[in-house]
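Below is one structure, written out as structure tokens, with a few remarks after it.
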Amino acid sequence: MIRVLIVCLGNICRSPMAENVLRHLVAEAGLSAQISVDSAGTANYHVGELAHKRTRGLLADHAIPYSGTARQLTKDDLASFDYVLAMDADNLTDVQRLRSAHTRAKIGLFLDDAYQASLVDVRYVPDPYYTDRYEETFELVMKGSRAFLERLRRDHQL
Ligand code: 4NP
């Protein structure tokens, strides 16, 4: 199983959106037995909560199933996941601070593959908790998820 963890700050807006979008694309591709997706936040502000209602609303609008509750990223995650994808530069810095001798995850930005393929012109997913631009977040999340899944399929011959 290839294990993917998507990380943002609060784990209620961006990363649960991306977790559920990517899991849906994986299921559509018939790859659920090969790829699993989870998400976490670098902060503990919202641990145990459902995703923001705008995030859940957008997923529902696109007929994408939602599951999960917020949790905080741990050092152990970097040992047990294969890929850890951060939503923005601050999230990436915080993930990298948790690196240890046990870390085996490939750590990068969620939009790296979409950016390299010129599908998006930004490196980071802006935080809709502050911008209130949830639709824009969804567009970036969809493009990032598609591009990352393509990369997984290439890298793992799926
Ligand atoms: P997220 O957005 O990192 O995309 O889940 C945020 C959610 C909550 C807070 C910050 C960002 N907060 O400060 O409570």
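Residues L152 and L158 come closest through the heavy atom pair O-CD1, 4.2 Å. Between D82 and M1, the shortest heavy-atom distance links the atoms OD2-O, 3.6 Å. Residues I6 and E19 approach most closely at CD1-N, 3.8 Å, considering heavy atoms. Summarising the geometry of P65 relative to H24, their closest heavy-atom pair is CD-ND1, 3.7 Å, with the distance given to 0.1 Å. Between N11 and R71, the closest heavy-atom pair is OD1-N, 2.9 Å. Listed here is the closest heavy atom pair of Y134 and M17: O-CE, 4.2 Å.
With values rounded to the nearest 0.5 angstrom, I2 atom CD1 is found 6.0 Å from Y83 atom OH. Summarising the geometry, atom OG1 belonging to T103 is positioned 4.5 Å from atom CG belonging to L78; distances are rounded to the nearest 0.5 Å. We find the CG-SG distance between L85 and C8 to be 12.0 Å, quoted to the nearest 0.5 Å. Rounding to the nearest 0.5 angstrom, the gap separating the CD atom in E139 from the CG atom in L119 is 12.5 Å. Atom OG of S39 is separated from atom CZ of R14 by 11.5 Å, given to the nearest 0.5 angstrom. The distance from the CG atom of D94 to the CG atom of L9 is 7.5 Å, given to the nearest 0.5 Å.
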(request) Run the numbers on L149 and L31 for side chain to side chain contact (heavy atoms under 4.5 Å, CB included), then give the verdict. (result) CA-CA 10 Å; L149 179 56; L31 293 171; 4.3 Å; yes
(message) What verdict does the side chain to side chain contact (heavy atoms under 4.5 Å, CB included) test give for I107 and R99, after you've listed the backbone C-alpha separation in whole Å, the side-chain angles of each residue and the deciding distance to 0.1 Å?
(response) CA-CA 10 Å; I107 297 168; R99 291 177 85 120; 3.8 Å; yes
(request) Start with the C-alpha distance between R153 and E150, add both sets of side-chain angles, then the distance that settles side chain to side chain contact (heavy atoms under 4.5 Å, CB included), and finish with yes or no. (result) CA-CA 5 Å; R153 297 186 76 149; E150 278 311 303; 4.1 Å; yes
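Salt bridge R54/D132: present, at least one basic N to carboxylate O contact under 4.0 Å.
Taking the side chain as every heavy atom from C-beta outward, D112 and F148 never approach each other to under 4.5 Å. For the pair V7 and F81, the minimum side-chain heavy-atom distance is 4.5 Å or more.
Remark: the backbone N or O of P16 is paired with a side-chain donor or acceptor of N20 at under 3.5 angstrom. Judged by distance alone, with hydrogens and angles left aside, the side-chain atoms of S145 form no donor-acceptor pair with the main-chain N or O of M142 at under 3.5 Å. T137 places a side-chain N or O within donor-acceptor distance of the main-chain N or O of R133, the cut-off being under 3.5 Å. Of the possible donor and acceptor atoms, one in the side chain of Q72 sits under 3.5 Å from a partner among the backbone N and O of T42. Judged by distance alone, with hydrogens and angles left aside, the side-chain atoms of T55 form a donor-acceptor pair with the main-chain N or O of C13 at under 3.5 Å. D77 places a side-chain N or O within 3.5 Å of a backbone atom of T74 that can act as its donor or acceptor partner. A side-chain donor-acceptor contact under 3.5 Å links R3 to the backbone of S80. A donor-acceptor pair is defined here as one N or O able to donate and one able to accept, closer than 3.5 Å; no such pair exists between the side chain of D113 and the backbone of A147.
Under the 4.5 Å side-chain heavy-atom criterion for ILVMFWY residues, a single connected hydrophobic cluster contains both Y130 and Y45. Both L25 and V125 are members of a single hydrophobic cluster when ILVMFWY side chains are connected at heavy-atom separations under 4.5 Å. At a threshold of 4.5 Å between side-chain heavy atoms, the hydrophobic network of Ile, Leu, Val, Met, Phe, Trp and Tyr places L140 and L22 in one connected group. One hydrophobic cluster, built from ILVMFWY side chains closer than 4.5 Å, holds both L58 and L111. V4 and L109 are members of different hydrophobic clusters when ILVMFWY side chains are connected at heavy-atom separations under 4.5 Å.
For an aromatic pair to be called close, the ring centres must be under 6.0 Å apart, and Y124 with F110 fails this.
At most 12 non-hydrogen atoms from other residues, nucleotides or ligands lie less than 6.0 angstrom from OH of Y115.
Using cut-offs of 30° and 60° for the angle between ring planes, the Y129 and H46 rings count as perpendicular.
D88 and N91 form a side-chain donor-acceptor contact under 3.5 Å, judged by distance and modelled atom types alone.
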